[in-house]
Amino acid sequence: MRLLVLGGSVFVSRAVAEEGVRRGHDVTCANRGTSGSVPRGARLVVWDRTRPTPAELRDEYDAVVDVARLPSWTRSAVAALPSAHWVFVSTVNVYPDPHPPGGTPATLALHEPLPDDVDLASSPEAYGPMKVACEEIVQAGAASATVVRPGLIVGPGDPTGRFTYWPVRLADGGRALAGGEPTDHLQVIDVRDLAAWIVACAESRRVGVYDGVGEVLPVATILEAVAQGVGASLDLTWVPDGALTEIGVQPWSGPEGLPLWLPRPEYDGMASHDPTPSYDAGLVLRPIADTARDTLAWVRATSGSTVTGISREREAEVLARWGGR
Ligand SMILES: NC(=O)c1ccc[n+]([C@@H]2O[C@H](COP(=O)([O-])OP(=O)(O)OC[C@H]3O[C@@H](n4cnc5c(N)ncnc54)[C@H](OP(=O)(O)O)[C@@H]3O)[C@@H](O)[C@H]2O)c1
């Protein structure tokens with residue numbers, strides 16, 4: 001298969017290119033060449049998507065994988081490469097929050113599409129609506145299309161450092177701060193499992209819309225698996241949503257945020273999509289312990305790897321305030 005990956009040098013799109021090479025496909029990546037290297041065995045076409053499509057990218061690919069956030073990028077690429085099967089990497093943020101747990105693409109409503117490009121740094125709320133527009137552009141203009149809407153993508157190479165916080169934190173040992181209730185549900189998907197499924201969808205020219213999500217599990221079970229993966233024992237202090245908010249801890253991400261903590265019930269739906277249709281379409285997940293082990297190994301082996309989340313000093317302060325109540 002001649003596979004074109006729009007991107008290919010960062011996290012998801014890089015994992016897709018790597019998987020394509022691993023399966024023996026003829027892989028081309030198109031990017032500006034500024035964020036990193038493409039996998040060994042893949043070819044790079046230098047292209048800034050704010051510029052016209054280069055003549056070198058002719059409409060001769062069997063499949064295209066795109067991770068764009070801006071509708072104009074997807075529009076021009078689909079117009080230039082309409083004959084391929086497209087796999088568009090979207091997001092579960094196409095569903096407005098809150099939405100009911102156990103949802104699937106067949107049951108959940110979408111944001112209104114936003115067909116114009118908006119600066120995400122100043123208007124992050126445009127992310128989901130622009131992804132809806134990108135999905136529509138791909139579905140209308142490509143020969144055939146798979147749309148994959150991932151939830152939290154984790155594993156080696158993650159530039160957000162969100163999940164990465166936990167293997168690193170638990171490997172450090174000691175009493176750790178956990179947010180919300182141990183029974184809150186969450187799901188994660190290893191980037192390598194997502195990539196393998198995306199390439200399989202390209203190979204089979206699968207037509208449909210799927211959530212790219214993992215098994216729905218209590219957060220406590222996920223953290224137990226992380227601890228097991230990094231060979232650590234687990235000593236968690238759970239601080240409820242209200243108390244964390246009162247203390248000023250940010251949920252989910254950010255430099256002093258608490259990763260994997262999502263306030264409830266607002267994000268119950270976002271954190272627990274039904275993965276059954278995706279399993280039925282070929283998605284296979286590895287154990288979370290393996291993801292945690294490999295993520296920690298990646299952090300230790302890679303200078304400049306990103307770990308975000310609450311500092312140890314702030315964590316100790318929050319635990320002391322909670323304990324003193
Ligand atoms: N992380 C999550 O948990 C999560 C959850 C749901 C959905 N998603 C989706 O997953 C996808 C992540 O994709 P990703 O990991 O590959 O990272 P990405 O940041 O979406 O894309 C990075 C790739 O795009 C290239 N690129 C950036 N600007 C470019 C430009 N102007 N022209 C051409 N290429 C450009 C980069 O290379 P250069 O900079 O060198 O050009 C790089 O290869 C996104 O679609 C995101 O919406 C992520």
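Just so you know, ligand 1 is whichever comes first in the structure, and atom 1 is the first atom listed for that ligand.
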| task | Write out the protein residues near ligand 1, meaning a non-hydrogen atom under 4.0 Å from one of its atoms, in order of chain and number. | result | G7, G8, S9, V10, F11, V12, S13, N31, R32, G33, T34, S35, W47, D48, R49, V67, R69, W73, V89, S90, T91, Y127, K131, P150, G151, L152, I153, R162
| field | Test side chain to side chain donor-acceptor pair (under 3.5 Å) applied to S204 - qualifying residues, sequence neighbours left out | value | none
| field | salt_bridge(R2, D62) N-O dist < 4.0 Å | value | yes
| request: Could you grab the distance from atom CG of L260 to atom CZ of F163, nearest 0.5 Å is fine? | output: 7.0 Å
| note | Contacts satisfying ring-ring contact (aromatic ring centres under 6.0 Å, His included) that involve residues 181-221 (not counting sequence neighbours) are W197-Y210
| Any pair counted as salt bridge (charged side-chain N to carboxylate O under 4.0 Å, His left out), so long as it reaches residues 4-16, sequence neighbours left out | R14-E18
| Side chains of T295 and D158: do they bring a donor and an acceptor to under 3.5 Å? | no
